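Because the structure is predicted, anything quoted here is derived from the model rather than measured. Below, read A as the first sequence line, B as the second, and so on, with proteins coming before strands; counting in each chain starts at 1.
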Amino acid sequence: MPADKLFSYDIVATDPATSARAGVFHTAHGDIETPIFMPVGTKATVKGILPSVVEGLGAQIVLANTYHLAMRPGAETLAELGGVHSFMNWHRPILTDSGGFQVFSHGDLVKLTDEGVAFRVDDYDGSHVFWTPERNMDIQQKIGADIVMQLDQCPGYPAERSFVERAVELSSMWADRCFAAHTRPDQALFGIVQGGMHLDLRLRSLRHLEECGDFPGYGIGGYSVGEDHETMFETLAPLASEHMPVHKPRYLMGVGNPTTLVRAVACGVDMFDCVLPTRTGRMGTAFSSTGRMNMRNAKYAHDAGPLDEACTCPVCTGGFTRAYIRHLVTQKEMLGGVLLSMHNIYFLLDLMRRARRAIIEGCYKAFVDDWMASAAAADY
RNA sequence: GGGAGUGUGCCCGAGUGGUUAAUGGGGACGGGCUGUAAACCCGUUGGCUAUGCCUACUAAGGUUCGAAUCCUUACGCUCCCA
C-alpha cells in the first residue's frame, strides 16, 4: 500500500437523505469497509471461535484489550512472539482498546490522577499497576494492533456534570500525551471523544482532539453506560452528523444493539464494537430478524427450524435446529455458545453489510425505516 | 430366619420436640447481559375461592400445649449373621 494511503479514510458514498456514509479505511493489514461491526476478542480470541471461522463470517477486523493482554501474557511476551496478529493467528486488522473501559468498569479498584491510572489487579494476581498514557502507548505499540485507542476515562450514567467535565479534562490531557508518545508508523492512534450526555462537553472534547493533532480516526466513548437510547441519541446525533471531521472514521465504542447500530449509521457513525453478540450468545440468546430469542426457553424444545429463517449464516444454513441449539445450551455444552456466537456475530456483520449496500445505493433512509418497522426493532 | 440401620418436596440431601411450607445443592421454568473481572449473574419452584386458608417430611395410630423430630405397628430400602 502507498504510504500516503495508510490510515486514510476514503468515503465511497454518502446517503442523500441521512448522514450515513460508506467508506474504506486503509490499515497495514488490509482495508476495512465501513460501516462495520467489529467482534470483540478481549484476550486475543473471539471466545470459542476459530480465527478462520471469524473470517468466514465476514469479520474484517477484531478487537483485543490492552489491559487484559498486558496482564496475560504481557506486552513483552507478545512483542517477543512477533505481535498480536501472529500470536492469535489472525492476519487481518486488529484494534486494541486502551483499557480505558476497565478504568470505568473496575470502579473502586481504580485510582485516577492527572498523571495516570492506578489499578489493583484483583482479577489476575492482586498486584498493583500504574499506567501513564506513555506507558499505555508503549504497551499498545508492543502488542502491535493496527488501530490503538488513547487512554481515556469513561464516566458512567447518571453522573454529575462536574464528574463528566473532569473526565473530559483528564481524557484530553491524556490524548495529548498519547499522541506525543505514539511513534509506531504502521499503527493508527484514535482519540476518544467523551462528555457524557452533555453536547457542549462533547464538543469541547472533540475540539481539543482536533487541536491536539491529526488523529486518523475518532472514538466516541461514554455511551451505553446506563442511559436509555433516546438520551444517547440526543447528543450522539448532532455530534456525529454535524460536528465530527468528515474524512475521518467515527467509532462508537461498545455499542452492539442492532437498532442502535442502524440509527447510529444514519447519524454518520462508521465503526462499532460490542461484546453483546458473543456474550449473550454464550449465555443462550440468539439475535434474529424477529427480535431476541432466549434459546433456553422450553418453547424451542421441539422446534426443528433454523434459528432465523431469514439468516444466511453457517449455523442457520448448516442444519442446526432450534431444538438442537436449545439442547446444547440447556446442557451447557460448549458448542451451544459457539454456534450462537457465530450466528450473532454474523447477524451484526450482515446488518452492516446490508447497510453499506443501501448507502451506496442511496436508499439508507428506507433501510432505516424498514428496520424500525420490523418486528426486531422493538425488541432491541 | 436373626440383628443393625434407614425412609424429608421432581432428585440428592440438612434439620432429632417450639418464628418450619421446611437450610443447601441439582434439575425445571423465567429474566438479564452493550470499548468482556461474564460459557456468567438474578428470580421462581406444594395447592387454593390467596393481607388468609388447606395439605405436607413412607402409612396408620399414640405421647405432648406443640411432632419431620419421641413411642407402637405395618410397609419399603441398605448392611451384617445364618
Enquirer: For a quick check under 3.5 Å, do Thr312(A) and Tyr346(A) share a side-chain donor-acceptor pair by atom type?
Expert: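 On atom types as modelled, these side chains qualify, holding a pair under 3.5 Å.
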Enquirer: How long is the line joining NZ of Lys43(A) and P of A38(B), in whole Å?
Expert: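 Between P of A38(B) and NZ of Lys43(A): 5 Å.
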Enquirer: Students often get this wrong, so: under 4.0 angstrom with heavy atoms, is Gly256(A) touching a base, only sugar-phosphate, or nothing?
Expert: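 Answer is base: heavy atoms of Gly256(A) come under 4.0 Å of a base.
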Enquirer: Can you identify which nucleotide, out of U36(B), G35(B), G30(B), has its nearest atom closest to the Thr42(A) side chain?
Expert: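 Selected nucleotide (nearest to the side chain): U36(B).
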Enquirer: When we call it a touch if two heavy atoms are under 4.0 Å apart, what does Asp122(A) touch: a base, just sugar-phosphate, or nothing?
Expert: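 Base contact.
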Enquirer: Name the closest nucleotide to the Thr280(A) side chain, picking from U36(B), G35(B), C33(B).
Expert: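 Between U36(B), G35(B), C33(B), the one nearest the side chain of Thr280(A) would be C33(B).
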Enquirer: Met149(A) CE to U36(B) P: how many Å, rounded?
Expert: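 Met149(A) atom CE is separated from U36(B) atom P by 11 Å.
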Enquirer: From NZ of Lys299(A) over to C1' of A28(B), roughly how many Å is that when rounded to an integer?
Expert: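 Rounding to the nearest Å, NZ of Lys299(A) and C1' of A28(B) are 17 Å apart.
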Enquirer: If you check every side-chain atom of Ser105(A), which of A39(B), A37(B), C29(B) has the closest atom?
Expert: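 Between A39(B), A37(B), C29(B), the one nearest the side chain of Ser105(A) would be A37(B).
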Enquirer: Return the nearest nucleotide to the side chain of Met283(A); candidates are G35(B), A39(B), U34(B).
Expert: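 In terms of side-chain proximity for Met283(A), the closest of G35(B), A39(B), U34(B) is A39(B).
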Enquirer: Please confirm whether the ring centroid of Tyr251(A) lies under 6.0 Å from the ring centroid of Phe272(A).
Expert: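 Aromatic pair excluded; centres sit 6.0 Å or further apart.
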Enquirer: Between Gly284(A) and Met334(A), just flag the one whose closest nucleotide in RNA chain B comes earlier from the 5' side.
Expert: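 With Gly284(A) and Met334(A) compared, the 5'-side residue is Gly284(A).
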Enquirer: So Ile192(A), base contact, sugar-phosphate only, or nothing? Heavy-atom distance under 4.0 Å.
Expert: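 Contact class for Ile192(A): base.
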Enquirer: Check whether any side-chain heavy atom of Thr260(A) lies under 4.5 Å from a side-chain heavy atom of His229(A), and answer yes or no.
Expert: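 When only atoms from C-beta onward are counted, His229(A) and Thr260(A) do touch, with a gap below 4.5 Å.
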Enquirer: Distance check: side-chain N/O of Asn65(A) vs OP1/OP2 of U36(B), anything under 4.0 Å?
Expert: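 So the side chain of Asn65(A) is within the cut-off, an N or O lying under 4.0 Å from OP1 or OP2 of U36(B).
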Enquirer: In whole angstrom, give me the gap between the P atoms of G52(B) and U63(B).
Expert: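 Roughly 32 Å separates the two P atoms.
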Enquirer: Determine whether Tyr157(A) and Thr231(A) satisfy the following criterion, side-chain hydrogen bond (donor to acceptor under 3.5 Å, both in side chains), listing intermediate values before the conclusion.
Expert: CA-CA 11 Å; Tyr157(A) 182 88; Thr231(A) 302; 4.7 Å; no
Enquirer: Does Met334(A) CE have over 12 foreign heavy atoms under 6.0 Å away?
Expert: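 No, the 6.0 Å shell around CE holds no more than 12 heavy atoms from other groups.
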Enquirer: Mind checking Ser341(A) for me? I need base, sugar-phosphate or nothing, with any heavy atom below 4.0 Å counting as a touch.
Expert: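 If one applies the 4.0 Å heavy-atom cut-off, Ser341(A) turns out to touch nothing in the nucleic acid.
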Enquirer: Nearest of G35(B), C33(B), U36(B) to any side-chain atom of Leu63(A)?
Expert: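 So the nucleotide nearest the side chain must be G35(B).
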Enquirer: May I ask you to evaluate whether Arg282(A) reaches the phosphate of C41(B), defined as a side-chain N or O under 4.0 Å from OP1 or OP2?
Expert: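 False: Arg282(A) side-chain N/O out of range (4.0 Å or more) of C41(B) OP1/OP2.
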Enquirer: Using only side-chain N and O atoms of Gln102(A), determine if any of them is under 4.0 Å from OP1 or OP2 of A37(B).
Expert: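 Yes, such a contact exists.
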Enquirer: Verify the neighbour count for atom CD of Glu242(A): are there more than 12 heavy atoms of other residues, nucleotides or ligands below 6.0 Å?
Expert: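 Correct, the count exceeds 12.
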Enquirer: For A39(B), does either OP1 or OP2 sit under 4.0 Å from a side-chain N or O belonging to Arg279(A)?
Expert: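 For Arg279(A), the contact criterion (side-chain N or O under 4.0 Å from OP1 or OP2 of A39(B)) is not met.
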Enquirer: Just N and O in the side chain of Asn294(A): are any of them under 4.0 Å from OP1 or OP2 of G30(B)?
Expert: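 Result: no.
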Enquirer: Heavy atoms from C-beta onward define the side chain here; which of G31(B), G35(B), A39(B) lies closest to that of Asp152(A)?
Expert: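 The nucleotide sitting nearest to the side chain is G35(B).
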Enquirer: Using whole Å, report how far CE of Met295(A) lies from P of G31(B).
Expert: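 From Met295(A) CE to G31(B) P: 12 Å.
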Enquirer: For G26(B) and C81(B), measure between their C1' atoms and round to the nearest Å.
Expert: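 It works out to 38 Å between them.
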Enquirer: Look at the side chain of Met253(A) and decide which nucleotide, out of A38(B), G31(B), G35(B), has an atom nearest to it.
Expert: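 Output: G35(B).
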Enquirer: Looking at the side chain of Gln331(A), which of A37(B), U36(B), A28(B) is the nearest nucleotide?
Expert: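 Side chain of Gln331(A) sits closest to A28(B).
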Enquirer: Would you classify Thr260(A) as touching base, sugar-phosphate or nothing, given that sugar-phosphate means primed atoms plus P, OP1 and OP2, and contacts are heavy atoms under 4.0 Å?
Expert: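 Touches nothing.
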Enquirer: Is it true that His26(A) and Tyr9(A) have ring centroids separated by less than 6.0 Å?
Expert: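 So the answer is no for these two rings.
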Enquirer: Just to be sure I understand the rule, does Glu333(A) reach a base, reach only the sugar-phosphate, or reach nothing, if contact means heavy atoms closer than 4.0 Å?
Expert: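 Answer is nothing: Glu333(A) stays at 4.0 Å or more from every strand.
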Enquirer: Is a side-chain donor-acceptor pair under 3.5 Å present for Asp123(A) with His106(A)?
Expert: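 Result is yes, a qualifying pair exists.
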Enquirer: Given pairs defined as Watson-Crick or G-U wobble with both distances under 3.5 Å, what dot-bracket annotation applies to RNA chain B, with ( ) intrastrand, [ ] crossing, | other strand and . unpaired?
Expert: ((((((((.[[[..)..(.....]]]((((((.......))))))(((...)))...[[[[[..)....]]]]]))))))).
Enquirer: Using whole Å, report how far CD1 of Ile49(A) lies from P of U36(B).
Expert: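 Checked: the CD1 to P distance equals 16 Å.
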Enquirer: Measure centre to centre between the rings of Phe130(A) and Phe119(A), then say whether the value is under 6.0 Å.
Expert: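 When the ring centroids of Phe130(A) and Phe119(A) are compared, they turn out to be at least 6.0 Å apart.
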Enquirer: Are any of Asn257(A)'s side-chain N or O atoms less than 4.0 Å away from OP1 or OP2 of C33(B)?
Expert: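 Checking Asn257(A) against C33(B): no side-chain N or O falls below 4.0 Å of OP1 or OP2.
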Enquirer: Quick one: label Arg326(A) by what it contacts on the DNA or RNA (base, sugar-phosphate, nothing), any heavy atom closer than 4.0 Å.
Expert: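 Sugar-phosphate only.
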Enquirer: Centroid-to-centroid, His29(A) to His85(A), below 6.0 Å?
Expert: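 For His29(A) and His85(A), the ring centres are under 6.0 Å apart.
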Enquirer: In this structure, how many angstroms lie between the C1' atom of A38(B) and the CG atom of Leu340(A), rounded?
Expert: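 So the two atoms are 16 Å apart, to the nearest Å.
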Enquirer: Please determine, for the side chain of Ser224(A), which listed nucleotide (C40(B), G35(B), U34(B)) has the closest atom?
Expert: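 Among C40(B), G35(B), U34(B), the one nearest the side chain of Ser224(A) is U34(B).
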Enquirer: Which nucleotide sits closest to the side chain of Arg292(A): G35(B), U36(B), C33(B)?
Expert: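 In terms of side-chain proximity for Arg292(A), the closest of G35(B), U36(B), C33(B) is C33(B).
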Enquirer: Distance check needed: U34(B) C1' versus Tyr380(A) OH, whole Å only.
Expert: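 Roughly 13 Å, once rounded to whole Å.
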